[in-house]
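Input: a single structure, listed below in structure tokens.
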Amino acid sequence: MNFTRWSARLPGTQRRAAARTEHTVTPDRRGEGSVPAARVERQTDAPPDDTPTVPAVDDLPTREILDRIPALVALVHGSDHRTAYVNDAYAAAFGVRPLGEPAREALPELDTLGLLPLLDQVLRSSRPRTVKSRKAPSGRSYTITCTPVDVPSGAEQSDGGVLIFAADVTDHAEAAERLRASERRQRETAVTLQRSLLPQELEQPDDLRIAAVYHPGGTETAVGGDWYDVITLGGGRTALVIGDVMGRGVRAAAVMGQLRTAVRAYARLDLPPHEVLQLLDGLATEIDPNQIATCAYAVHDPNEGRLVYSSAGHLPILVRDESGTVLRADEPTGPPLGTGGWTHSSGSIPLGPGSTAVFYTDGLVERRNEDLDEGIAALERALAGATGTPQVVCDRLVRSTGVTADHDDDVAVLVLQHPARTGSDSELFRNAALELLGGVEAAPRARAFASGVLTSWRFPPDLHDLGVLAASELVANSLQHGTPPMRLRLRRTDRRLIVEVTDGDDHLPRRRRADPADESGRGIAIIATIASNWGSRRAPGGGKSVWCEFALRPREVGG
């Protein structure tokens with residue numbers, strides 16, 4: 001076997017051969033003057049036995065070199081890859097191998113490593129191929145290069161051979177696996193933190209049906225700060241929020257948790273959506289000046305049939321009405337939270353009975369090779385044809401936009417429906433309102449109106465009397481401290497009775513302890529005592545609303 005014909009193709013051999021040739025001084029080069037004359041004379045006068053000589057690559061015993069290198073080397077010939085040579089390192093790793101036998105029988109480890117098809121490719125293409133970090137049955141990992149070599153003309157087979165050169169990279173492979181394991185643990189920590197900070201169970205308001213889904217990104221670094229929440233404000237009103245913290249990992253999830261907690265606190269103040277975002281903007285700057293987040297905050301009031309919202313750089317809310325038409329809530333939109341220096345504003349979009357609204361983050365519609373508007377338009381088309389419960393709509397939207405387990409960004413979707421009540425169900429959701437005109441005579445009219453409405457709704461006597469008392473106290477408080485126009489509104493759902501009075505004064509009442517000699521100050525205390533919950537808020541156009549609610553027992557729901 002002529003090893004010299006293919007030994008020069010080993011990695012690094014040509015460089016070593018060139019270096020050694022440069023150090024070999026030949027008589028011709030001496031004559032060219034490349035070495036100083038005095039130095040040439042000293043070398044010429046030296047005894048021949050003392051002259052150091054460096055052999056060329058062709059003069060080196062190739063088999064001995066290959067037997068001594070730590071890399072695994074094997075040589076196979078022909079289309080059936082008959083074994084021609086294995087070096088000592090190869091034999092030490094896999095055992096002594098018989099020569100002249102096909103590699104499938106003689107070198108079974110190559111089949112286990114999946115290299116036999118690669119050998120065929122190298123023979124056909126005459127081009128080297130490399131596979132990285134293949135693990136052998138012994139547990140060691142190798143990076144293997146298969147290089148085509150020429151076969152001597154006198155060999156029995158002349159259709160070429162393949163030199164197999166395997167470098168042990170076990171340490172590198174184990175280090176890479178440890179790094180991947182660390183990244184997986186970090187991702188699992190971020191996902192766990194993310195899920196623990198999201199609502200474990202969504203609040204279900206009386207008038208809405210709500211569902212949400214969260215899908216963490218499939219890549220190692222894709223866990224972000226997407227979040228959503230549903231907050232019942234009392235008086236039949238509901239706040240809905242969705243947001244996305246820029247960035248990845250545990251830090252983004254931690255910032256998300258702080259913002260979500262702050263949203264719930266600000267929502268309890270029952271402020272307009274743009275004021276809530278204004279407060280969040282300042283808080284986001286304090287949490288981390290370098291961290292920004294997008295957010296959409298909306299409030300639904302079933303009596304108004306609209307969704308009042310404000311957006312801080314977030315994607316538009318989509319609403320499909322009862323006829324199937326999809327509306328996009330584009331304006332108004334301000335910059336993301338944490339940028340500062342911007343006054344947010346509120347807008348509104350119809351959300352009547354039979355409507356469905358969708359809140360979502362950019363992972364649902366943003367793709368690397370597509371315009372963002374194209375993704376939103378595709379979501380609109382999917383929403384137009386998505387029917388069923390909110391959970392079914394969530395799942396259909398996620399599937400229609402191509403979100404899979406290996407999606408490169410996390411996705412949050414919040415779907416709410418305002419059902420159209422029909423039949424016996426509509427009897428459980430009733431409204432009645434009275435404009436309070438005149439002076440002190442408005443109080444007895446309000447009591448008579450409340451008594452008649454609650455009787456027609458067939459409430460039991462105890463709840464009827466509590467409702468009339470609550471209406472009387474709220475109206476009396478409005479007549480004494482408020483200004484026209486004033487209005488009394490009664491509302492019942494399948495779970496509660498709500499009594500609400502609005503007037504034109506901005507001053508919000510508060511509960512206080514009245515002294516025995518005081519002639520006033522007991523109305524709100526009475527309301528807080530008899531009602532399940534009460535509260536007040538400023539109206540967007542001026543004035544205020546004071547409300548209280550009574551939880552219905554199961555036997556009272558049927559009316």
Side-chain angles (χ1 to χ4, degrees), residues 1-21 56-95 97-138 140-176:
M1 184 184 305
N2 185 2
F3 279 95
T4 60
R5 297 196 57 181
W6 54 265
S7 62
R9 300 179 69 122
L10 287 173
T13 303
Q14 295 176 355
R15 293 192 297 271
R16 291 192 296 270
R20 288 164 179 162
T21 303
V57 172
D58 289 344
D59 298 329
L60 295 175
T62 307
R63 182 186 296 272
E64 182 179 348
I65 293 175
L66 295 179
D67 284 342
R68 291 178 179 273
I69 63 175
L72 281 59
V73 179
L75 180 66
V76 295
H77 282 173
S79 59
D80 56 353
H81 312 302
R82 294 186 176 275
T83 307
Y85 168 77
V86 294
N87 71 345
D88 292 345
Y90 193 104
F94 298 114
R97 293 293 183 257
L99 302 182
E101 298 293 331
R104 187 175 297 276
E105 289 79 22
L107 306 174
E109 58 277 358
L110 298 186
D111 191 14
T112 303
L113 292 169
L115 295 181
L116 294 183
L118 189 66
L119 298 179
D120 294 332
Q121 294 179 20
V122 171
L123 279 181
R124 286 195 304 267
S125 64
S126 298
R127 297 173 63 87
R129 295 287 188 271
T130 299
V131 293
K132 296 182 178 180
S133 193
R134 291 283 179 90
K135 180 172 285 190
S138 62
R140 308 294 294 178
S141 297
Y142 300 92
T143 290
I144 305 167
T145 299
C146 298
T147 304
V149 296
D150 298 329
V151 177
S153 57
E156 294 181 1
Q157 297 182 7
S158 59
D159 50 352
V162 179
L163 177 68
I164 303 164
F165 186 91
D168 192 326
V169 293
T170 303
D171 292 342
H172 296 284
E174 291 177 350

Q: Indicate the atoms forming the closest heavy-atom contact of Gly100 with Arg82, along with that distance.
A: O-NH1, 2.9 Å

Q | Asp80 side chain vs Pro102 backbone, donor-acceptor pair below 3.5 Å | A | no

Q.
I need the minimum non-hydrogen distance between Val76 and Ala103, along with the two atoms involved.
A. CG1-CB, 4.5 Å

Q | Flag, side chain of Arg134 to backbone of Leu113, donor-acceptor distance under 3.5 Å | A | yes

Q: Return the minimal non-hydrogen interatomic distance between Val169 and Ser133, and the atom names on each side.
A: CG2-CA, 4.2 Å

Q: Quick one: closest heavy-atom pair of Ala166 and Ile144, and the distance?
A: CB-CG1, 3.8 Å

Q: Output the distance between atom CG (Leu118) and atom OG1 (Thr130), rounded to the nearest 0.5 Å.
A: 8.5 Å

Q.
With side-chain contact (heavy atoms from CB on, under 4.5 Å) as the criterion, how do Leu123 and His81 come out once you've worked through the C-alpha distance, each side chain's angles and the decisive distance to 0.1 Å?
A. CA-CA 10 Å; Leu123 279 181; His81 312 302; 3.4 Å; yes

Q. So do Leu119 and Ile164 actually touch side chain to side chain, heavy atoms under 4.5 Å?
A. yes

Q.
Does any part of the side chain of Phe94, heavy atoms only, come nearer than 4.5 Å to the side chain of Leu72, both counted from C-beta?
A. yes

Q.
So, taking the atom named OG1 in Thr147 and the one named CZ in Arg129, what distance separates them when rounded to the nearest 0.5 Å?
A. 10.5 Å

Q) Which atom pair, heavy atoms only, marks the closest approach of Ala71 to Ala89? A) O-CB, 3.4 Å

Q) Restricting to pairs with a member in residues 98-117, which pass salt bridge (charged side-chain N to carboxylate O under 4.0 Å, His left out), not counting sequence neighbours? A) Arg97-Glu109, Arg104-Asp111

Q) According to the side-chain hydrogen bond (donor to acceptor under 3.5 Å, both in side chains) rule, which pairs have a member within residues 161-176, sequence neighbours left out? A) Arg140-Asp168, Arg140-Thr170, Asp168-Thr170

Q) Mind checking whether Cys146 and Pro128 have side chains closer than 4.5 Å, heavy atoms only? A) no

Q) Between Leu107 and Leu115, is any pair of side-chain heavy atoms under 4.5 Å apart? A) no

Q | From OH (Tyr90) to CD1 (Ile69), nearest 0.5 Å | A | 13.5 Å

